[in-house]
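Taking it in order: structure first as structure tokens, then the write-up.
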Amino acid sequence: MSFPPPNANQYATGGSGFFRLNTTLTSDGDMYSSEQGAHGFAIGPDSDISKVNIAYFDAQVDRRMNQIAISPSRPFPGFVAAANEGGLYVPSNRPGRILIWPDEIYNPNWLPGNDDTIPTDTAKRVDIEVPILDVIEYFSPSPIATSRNDKIYYMQDLPLPKAPAVAPITWFYQVPFYGRRYACVNFQPRLSGGATVSLSAFGVVYRLLGDQSDVSIETTLIGSVGVPNGTVFEDEITSSTDGTYDAIYVALQFSALQSLGGGSLRILVSDREA
Amino acid sequence: MAKNPLTAISKVLDARATAGGSKIGWAGAPKREIAQAPGPQSTQGKTEARTFIDTYFTKAGDTQIIFNGDRQWTRVTLVLETAGPVAVGTAQSITPVLSGKGQLLTTNVPITFTIAKGSRLYVAANGVNRIKRSIEAVPWLEQITGLLSGVLQRIGIK
């Protein structure tokens, strides 16, 4: 979680009509608090996390803590009173602030496990787009939007392993895919030295059990396919045919070190299939 | 035959008028055996008639004074800009905020209180909140109150 964590009071004193918690995750255990009352909660437009838990003080439930989950299709438009004074959660006896945390599994130490087709002596690099938690807490009754923005991850030149790495080289690029229903992968190689490149893509579902080599369930979405230099590769991943995942990653394997950047890669993710 | 009370009132008021004094202001030495309402203020300073507009920031904890009406009658308009909860009232302690000892402010809904001279308006909240505060002097209310007390006193209604 970001430090210092975002402070809702500063938004209130600054005249804003909402508190926007917009931060990258350190782990799925990140938890944030707000001392401000709210007239509604919603997933923010740039959130990768698709399900967020909100806890608030309620004297009528166990532990005095009531909880609600919000998602892009289900915001919460009701009034939640700040209970910083007098309301204590049980048994911690801590002030009944509003608590916000992701309801998704995330492993910042994930490594690709589905590399059976990649030689063990290949040079590798793994790049992971860290998920963003984006939640909006409204200070006054407001119309609440219910959808996330599409996201485009674009690499004009790929960060491939350089010398003294020895070919073949493989680059893994993972992007969050929580709650998404569509992805489009576009790749155009720009190769040097007569090299070849193959592309494959996988869906990742994180697991809480298992050791470091077994931290996720991986599903092949795009089987290894050779992409000739100068051509364009394009494929789509839809939830109705391929399933839903916490993340997806692309693996590009080059037969030789690259001096021209390797090519351009674009991944679009969306909440809508059509 | 009993005196006609209306005739008696008329004679008293006529005597006051012919004495050359104004109905407003000093009307002779007070009768110390009779409790009297304070006389209305006959002059107003410029500073006492100003309008005061600002933003008040609440804080969590004990009841605070959001307006002190010791000097004169005023109209206080409050608008809560954040979600609250924020309570206002005339008691010295209106906590807990949701207890009903005060009145909860509604976000973006103005509410106006007419505060009598000598009264105070208190506020309590669970955290930091923004409140638009407008204070408008209404000194003529004090004069009207004084006049009414004087009239009621003269006709024997205490």
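Here is the naming used below: chain letters follow the sequence lines, and residue numbers restart at 1 for every chain. Note that this is a predicted model, so its numbers are computed, not measured.
Shown here is B/D70, whose CG atom has more than 12 heavy atoms of other residues, nucleotides or ligands within 6.0 Å. In the displayed structure, B/R75 atom CZ is contacted under 6.0 Å by at most 12 heavy atoms of other residues, nucleotides or ligands.
For the side chain to side chain contact (heavy atoms under 4.5 Å, CB included) test, residues two or more places apart in sequence or in another chain that qualify with B/A124 are B/T63, B/I94, B/T95, B/V97.
Looking at A/A81, the atoms closer than 4.5 Å to chain B (heavy atoms on both sides) sit in the backbone and in the side chain alike. Heavy-atom distances place the side chain of A/F79, and not its backbone, under 4.5 Å from chain B.
Contact tally against chain B (heavy-atom pairs below 4.5 Å) for A/P95, A/A82, A/S140: the top residue is A/A82.
Taking the side chain as every heavy atom from C-beta outward, A/C184 and A/Y182 approach each other to under 4.5 Å.
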